Chemist: 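Once you've had a glance at the structure underneath, I'll fire off some questions.
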Amino acid sequence: MAKNLVIVESPAKAKTIEGFLGSEFTVKSCYGHIRDLAKEHNGVDIENGFKPIYEVPDDKKQVVSELKKLAKSAETVWLASDEDREGEAISWHLAEVLNLDHSKTKRIVFHEITKPAILKAIANPRIINQDLVNAQQARRILDRIVGFELSPVLWKKVKPSLSAGRVQSVAVRLIVEREREITDFNADSSFRVVAVFHDKKENKHFKAELPKRFKTEAEANAFLEACRGAGFHVDKVETKPGKRTPAAPFTTSTLQQEASRKLGFSVAQTMAVAQKLYEAGHITYMRTDSVNLSELALEAAKEEIEKAYGKEFSKTRKYNTKTASAQEAHEAIRPTYFNKHSIAGDGSDKRLYDLIWKRAIASQMSDAALEKTVIHIAIDSAASTEKEFLASGEVIKFEGFLKVYLEGTDDENEDADDGLLPDVKAGDSLEMEQITATEKFTRAAPRYTEASLVKKLEELGIGRPSTYAPTISTIQKRGYVVKEDRVGRERKYQEIILSGNEISTSTLTENTGAEKSKLFPTDIGSLVNDFLIEHFDGIMDYSFTANVEKEFDEIAEGLKSWTSMLQKFYGPFHKTVDKTIDEADRVTGERELGVHPESGLPITVRMGRYGPFAQIAAKSEDDKPTYASLRAGQSMETLTLEEALDLFKMPRMIGEFEGTEMKVAIGRFGPYIQHQKAFYSIPKEDDPYQINQDRAIEVILAKRKADSEKLIKVFNEDQELQVLNGRWGPYLKKGKDNFKIPKTRHEDAAKITFEEALDMMEKSAAAPKGRRGKAKK
DNA sequence: CAGTGAGCGAGCTTCCGCTTGACTT
């Protein structure tokens with residue numbers, strides 16, 4: 001039995017640290033929190049001074065019992081959870097649950113997993129900081145109360161199974177408000193003027209822009225008229241030195257943003273790949289808010305940069321974390337070994353590692369030195385009110401960190417034209433080749449991507465590195481938000497060209513508003529958001545988290561009692577909850593769109609049990625209203641009368657096949673044909689409003705053919721049991737249930753006997769369900 | 001899985017932050 005038991009949060013960390021310490025130390029992991037608030041009474045005894053009711057969840061029982069056993073036989077137990085609020089609480093829970101004797105328990109902390117840091121920690125133990133623990137308890141209980149008192153209000157007033165919380169509800173608010181900004185946005189247009197000049201001396205063409213844009217086509221036209229036949233010369237050339245500085249090494253949030261921009265990863269994908277890299281020992285911990293690098297890392301980076309690129313490329317830099325909410329329990333995300341320029345693994349492993357390596361290396365490299373040049377070009381025309389065109393360019397004098405890495409941007413304007421400029425001098429005359437005035441439109445603020453939402457949340461101090469990805473998945477799972485592509489629409493714009501002595505005007509079209517993997521609010525998301533803002537504006541305030549964080553900090557410093565802080569919050573909050581349950585109306589979001597052009601009956605939209613729908617009012621008391629569900633991509637807020645009328649054009653009866661009627665309608669999964677009891681999806685290239693009898697029959701026959709190829713075998717012993725060909729190869733189906741067929745039998749699936757099938761069903765059913773099975777809807 | 005939208009009532013849902021897991025219908 002080891003004399004010393006060290007408990008850390010992560011198993012990968014445990015393995016590394018065990019290597020640093022001698023044989024007298026056993027290092028184990030507790031896998032994060034080992035206790036949480038119980039479900040009963042919301043886990044808090046509110047009348048009794050907010051006394052928390054803790055319990056060890058089922059999936060942590062085994063870890064706890066193992067740690068208990070090891071702790072019993074150890075002389076000293078070292079609690080080495082992270083040095084932040086959550087980490088301190090983990091240590092306290094361990095001390096409580098494992099029943100640790102104070103005299104043999106030591107609390108140690110370190111911010112980096114290096115041997116000197118660990119040894120220093122062991123040499124400087126302390127005791128558990130109860131104030132910090134209390135701050136965590138206040139945070140935990142506040143979140144539980146907010147979540148478990150607000151959500152039931154939504155079940156009563158909006159829809160069952162919905163949820164609300166300090167973090168998720170504000171995340172949804174950001175997306176709802178951004179969408180409304182975009183809906184309300186009116187694009188303004190102006191004319192941007194760009195000229196192409198020719199420098200005869202060097203025979204070079206280059207572009208220059210007029211600093212001013214014209215509001216109207218007439219003004220732009222007048223300017224081009226004034227330039228017709230005018231001369232142009234270089235008025236002056238300005239050059240000034242510039243520099244660029246590398247970005248700090250990655251935190252969780254910046255890694256998610258950059259992996260999204262450069263690799264197109266979702267935040268969940270980024271975290272899954274990073275976890276793999278971490279477990280394989282390639283990178284440091286991936287859930288961090290710190291930009292700090294260890295001394296050892298700084299040294300190693302310097303060595304690698306000097307070796308690979310030369311001394312002049314190295315510049316040791318220490319970065320300071322700007323995020324106010326940062327708790328900095330870990331290092332920044334960096335490669336464990338800087339001399340490993342790449343790793344083995346699949347494509348995404350390699351690409352993410354490459355990104356992390358480059359970002360960390362670049363952060364320790366010299367500035368890039370630039371020379372910025374602006375050429376002022378005078379217009380020699382008495383008729384022109386404008387004085388000059390400007391051509392700007394940038395020349396890299398010293399690459400520095402740009403040799404390996406340049407941070408991406410979220411900016412969608414890609415008009416920058418920083419080409420190479422000719423070596424001209426003041427007084428040189430230039431030949432004008434062409435001047436183009438193009439109509440440009442202002443743009444609304446961009447919709448959030450998963451990663452840009454994380455960035456915004458971090459700026460607001462809402463959420464933590466470990467919760468960004470789960471939060472984004474929660475708001476999508478609840479149906480508040482969808483991540484989607486949208487096709488754009490065509491827009492006309494004017495272009496006026498002066499070429500030689502000719503001026504021509506043309507109307508062109510561009511595609512605008514197309515989106516890829518952006519977050520859109522759903523109707524239910526908007527309704528819930530508006531309801532929460534109306535009744536719980538305090539919680540929905542963007543600074544609510546920042547405000548309570550200040551109080552948690554005071555608790556952590558021992559300046560404030562955690563129970564009185566909770567009391568002050570709970571009193572008014574709970575009163576509002578009760579009042580809302582008693583007084584607020586059910587939320588339907590009903591809106592009148594207008595009246596039916598023929599019957600004059602009112603048409604409305606509202607939220608129903610199964611989602612948003614449009615309704616034509618009943619003709620009389622005895623008659624029923626006509627209903628139609630909204631389609632994917634439509635929203636109650638923006639639906640027009642015309643779109644609603646279109647909805648009522650379905651279902652269409654389009655003729656007969658095999659003696660029965662065929663019906664065309666649009667369901668949850670898109671347009672379909674119903675024939676007898678069967679459903680047939682209508683292919684994308686067909687228009688469900690136009691599809692005719694002949695084409696529908698073709699679709700039905702094609703589906704039947706595919707289905708006949710899908711069926712591999714039916715068993716005589718049980719007609720309900722079938723072997724089918726699916727997306728992942730053959731599988732068994734009985735009634736509504738599916739069962740796995742072992743990979744070894746995929747080849748000869750048609751030869752599976754009834755007995756074998758029964759055996760496979762038993763084994764497949766016995767296997768523990770994966771994420772899909774466990775995930776509750 | 002493919003059109004539902006009445007009303008009643010039982011029994012269910014839900015938070016945020018630490019960690020990784022065994023899996024894919």
Side-chain angles (χ1 to χ4, degrees), chain A residues 8-13 29-37 39 42-43 59-60 63 81-82 84-87 89-90 93 136 139-155 159-169 272 275 278-279 285 287 329 462-468 470-471 474 478 545 588 606-615 624-629 650-651 663 665-674 677-681 724 726-733 736-741 764 767-777:
Chain A
V8 297
E9 292 181 39
S10 143
K13 206 192 246 187
S29 154
C30 67
Y31 297 84
H33 277 295
I34 53 152
R35 273 208 307 198
D36 192 16
L37 297 175
K39 295 261 178 205
N42 288 355
D59 58 333
K60 287 290 162 65
V63 182
S81 49
D82 298 344
D84 58 16
R85 201 163 62 202
E86 298 298 325
I90 289 174
H93 281 301
Q136 192 275 346
R139 197 282 303 156
R140 179 68 192 91
I141 292 170
L142 178 105
D143 281 337
R144 172 54 72 85
I145 289 174
V146 169
F148 276 38
E149 292 210 8
L150 277 190
S151 300
V153 179
L154 297 180
W155 305 343
K159 214 174 96 161
S161 303
L162 294 175
S163 66
R166 174 177 58 82
V167 173
Q168 60 168 279
S169 296
Q275 176 89 29
Y278 168 66
E279 282 170 20
Y285 198 58
R287 289 184 277 264
I462 299 171
R464 305 275 314 130
S466 67
T467 61
Y468 295 137
T471 298
T474 299
R478 297 276 175 274
T545 291
T588 63
R606 77 183 148 96
M607 181 59 65
R609 274 195 289 169
Y610 311 105
F613 66 100
Q615 170 180 329
K624 274 191 179 166
T626 315
Y627 304 113
S629 290
M650 294 286 181
K663 188 170 93 181
I666 297 176
R668 266 213 293 157
F669 310 100
Y672 64 92
I673 303 158
Q674 188 175 9
K677 290 245 157 104
F679 297 88
Y680 305 88
S681 288
L724 296 174
R727 263 207 286 171
W728 289 279
Y731 66 99
L732 283 164
K733 181 184 177 78
K736 277 188 171 175
D737 297 319
N738 296 321
F739 304 92
K740 246 175 91 173
I741 293 175
S764 169
K769 289 265 182 178
R771 235 189 331 208
R772 236 197 171 79
K774 261 193 280 180
K776 286 165 211 151
K777 279 218 164 167

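Protein chains get the first letters and strands the later ones, always in sequence-line order, with residue 1 at the start of each. Here the structure is a predicted model, which is why all the values come from computation and not from measurement.
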Chemist: Given B/dG17, is OP1 or OP2 found less than 4.0 Å from the side-chain N or O atoms of A/Y468?
Modeler: no

Chemist: Please classify the nucleic acid contact of A/T471 as base, sugar-phosphate, or nothing, using heavy-atom distances under 4.0 Å.
Modeler: nothing

Chemist: Using a heavy-atom cut-off of under 4.0 Å over every strand shown, decide if A/Q168 touches base, sugar-phosphate, or nothing.
Modeler: sugar-phosphate

Chemist: Give the C-alpha distance, both sets of side-chain angles, the deciding distance and a yes or no for side-chain contact (heavy atoms from CB on, under 4.5 Å) between A/L154 and A/S163.
Modeler: CA-CA 7 Å; A/L154 297 180; A/S163 66; 5.9 Å; no

Chemist: Does A/R478 put a side-chain nitrogen or oxygen below 4.0 Å from OP1 or OP2 of B/dT14?
Modeler: yes

Chemist: Testing the basics here: between A/Y627 and A/Q615, what is the closest heavy-atom pair and its distance to 0.1 Å?
Modeler: CE2-OE1, 3.6 Å

Chemist: Determine whether A/D82 and A/K13 make a side-chain contact, defined as any pair of heavy atoms from C-beta on separated by less than 4.5 Å.
Modeler: yes

Chemist: Would you mind classifying the nucleic acid contact of A/Q615 as base, sugar-phosphate or nothing, using non-hydrogen atoms under 4.0 angstrom?
Modeler: nothing

Chemist: Contact class for A/D82 vs. all strands (heavy atom < 4.0 Å): base, sugar-phosphate, or nothing?
Modeler: sugar-phosphate

Chemist: Measure from the side-chain N and O atoms of A/S169 to the backbone N and O of A/G165, and report whether any donor-acceptor pair falls under 3.5 Å.
Modeler: yes

Chemist: Just how far, in rounded Å, is P of B/dC18 from CG of A/L37?
Modeler: 15 Å

Chemist: What is the distance, rounded to the nearest whole Å, between atom CD1 of A/I90 and atom P of B/dT20?
Modeler: 11 Å

Chemist: Side chain of A/R144, base of B/dC16: donor and acceptor closer than 3.5 Å?
Modeler: no

Chemist: Pick base, sugar-phosphate or nothing for A/V146, based on heavy-atom distances below 4.0 Å to the nucleic acid.
Modeler: nothing

Chemist: Decide, applying a 5.5 Å centre-distance limit and a 30° plane-angle limit (both strict), whether A/W155 stacks on B/dT14.
Modeler: no

Chemist: Which part of the nucleic acid, if any, lies within contact of A/S151, taking any heavy atom under 4.0 Å across all strands shown: a base, the sugar-phosphate backbone alone, or nothing?
Modeler: base

Chemist: So which protein N/O to nucleotides 5-9 of chain B N/O distances come out below 3.5 Å?
Modeler:
residue	atom	partner	partner atom	Å
B/dG5	O6	A/S629	OG	2.9
B/dG5	N2	A/Y610	N	3.0
B/dG5	N2	A/G611	N	3.3
B/dG5	N2	A/G611	O	2.7

Chemist: Taking all heavy atoms of A/V63 and all of A/S29, pick out the closest pair and write down the distance.
Modeler: CG1-O, 3.8 Å

Chemist: Go nucleotide by nucleotide along DNA chain B from the 5' end; which of A/P465 and A/E149 gets its closest nucleotide reached first?
Modeler: A/E149

Chemist: Please tell me if A/S161 has a side-chain N or O lying less than 4.0 Å from either OP1 or OP2 of B/dT13.
Modeler: no

Chemist: Under 4.0 Å, heavy atoms only, any strand: does A/Y680 hit a base, just the sugar-phosphate, or nothing?
Modeler: nothing

Chemist: I'd like to know if the side chain of A/Y31 pairs up with that of A/S10 as donor and acceptor (distance under 3.5 Å, no hydrogens or angles considered).
Modeler: no

Chemist: Just checking A/Y278 against A/Y285, ring centres under 6.0 Å apart?
Modeler: yes

Chemist: Expressed in angstrom and rounded to an integer, what is the separation of A/K39 atom NZ from B/dT14 atom C1'?
Modeler: 7 Å

Chemist: In whole angstrom, give the distance that lies between atom NZ of A/K624 and atom P of B/dG3.
Modeler: 16 Å

Chemist: Would you mind telling me which of A/H93, A/K60, A/R140 makes a side chain to side chain donor-acceptor pair (under 3.5 Å) with A/D36?
Modeler: A/R140

Chemist: Of the nucleotides B/dT14, B/dC16, B/dT19, which one has an atom closest to the side chain of A/S163?
Modeler: B/dT14

Chemist: Go through B/dG3, B/dC16, B/dT19 for me and flag the one nearest to the A/R140 side chain.
Modeler: B/dC16

Chemist: Take the protein atom NE2 of A/H33 and the nucleotide atom C1' of B/dC16, then report the distance between them rounded to whole Å.
Modeler: 9 Å

Chemist: A/S10 has a side chain; which of B/dT13, B/dT19, B/dC18 sits nearest to it?
Modeler: B/dT19

Chemist: Can you measure A/D59 atom CG to B/dC23 atom P for me and round it to whole angstrom units?
Modeler: 15 Å

Chemist: Round to the nearest Å and state the distance from A/I666 atom CD1 to B/dA2 atom C1'.
Modeler: 12 Å

Chemist: Quick one: on DNA chain B, does A/R287 or A/R35 contact a more 5' nucleotide (nearest heavy atom)?
Modeler: A/R35

Chemist: Please tell me which of the listed nucleotides, B/dT20, B/dG3, B/dC16, lies nearest to the side chain of A/E279?
Modeler: B/dT20

Chemist: Among the candidates B/dG3, B/dT14, B/dT19, find the nucleotide nearest to the side-chain atoms of A/Y285.
Modeler: B/dT19

Chemist: Nearest-Å distance, CG (A/D143) to C1' (B/dC16)?
Modeler: 5 Å

Chemist: Contact class for A/P11 (heavy atom, under 4.0 Å): base, sugar-phosphate, or nothing?
Modeler: sugar-phosphate

Chemist: Within the structure shown, what part of the strands sits under 4.0 Å from A/G32 by heavy-atom distance: base, sugar-phosphate, or nothing?
Modeler: base

Chemist: If you check the A/F148 side chain, which of B/dC15, B/dT20, B/dG17 turns out closest?
Modeler: B/dC15

Chemist: Would you kindly check whether a donor in the side chain of A/R464 faces an acceptor in the base of B/dC18, or vice versa, at under 3.5 angstrom?
Modeler: no

Chemist: Kindly give the heavy-atom pair with the smallest separation between A/E9 and A/S81, and that separation in Å.
Modeler: OE2-CB, 3.4 Å

Chemist: OP1, OP2 of B/dC1 versus side-chain N and O of A/Y672: anything below 4.0 Å?
Modeler: no

Chemist: Remember a base hit wins even if backbone is also touched, and classify A/A89 as base, sugar-phosphate or nothing at under 4.0 Å, heavy atoms.
Modeler: nothing

Chemist: Classify A/R166 by what it touches in the nucleic acid, base, sugar-phosphate, or nothing, heavy-atom distance under 4.0 Å.
Modeler: sugar-phosphate

Chemist: Over all heavy atoms of both residues, which pair between A/C30 and A/I90 is shortest? Give the atoms and the distance, please.
Modeler: SG-CG2, 3.8 Å

Chemist: Would you mind reporting whether A/R139 and A/L142 have side-chain heavy atoms less than 4.5 Å apart?
Modeler: no

Chemist: Quick one: the dot-bracket string of DNA chain B, using Watson-Crick and G-U wobble pairs with both distances under 3.5 Å, [ ] for crossing pairs and | for bases paired to another strand.
Modeler: .........................

Chemist: Do A/L37 and A/N42 have side-chain heavy atoms sitting under 4.5 Å apart?
Modeler: no

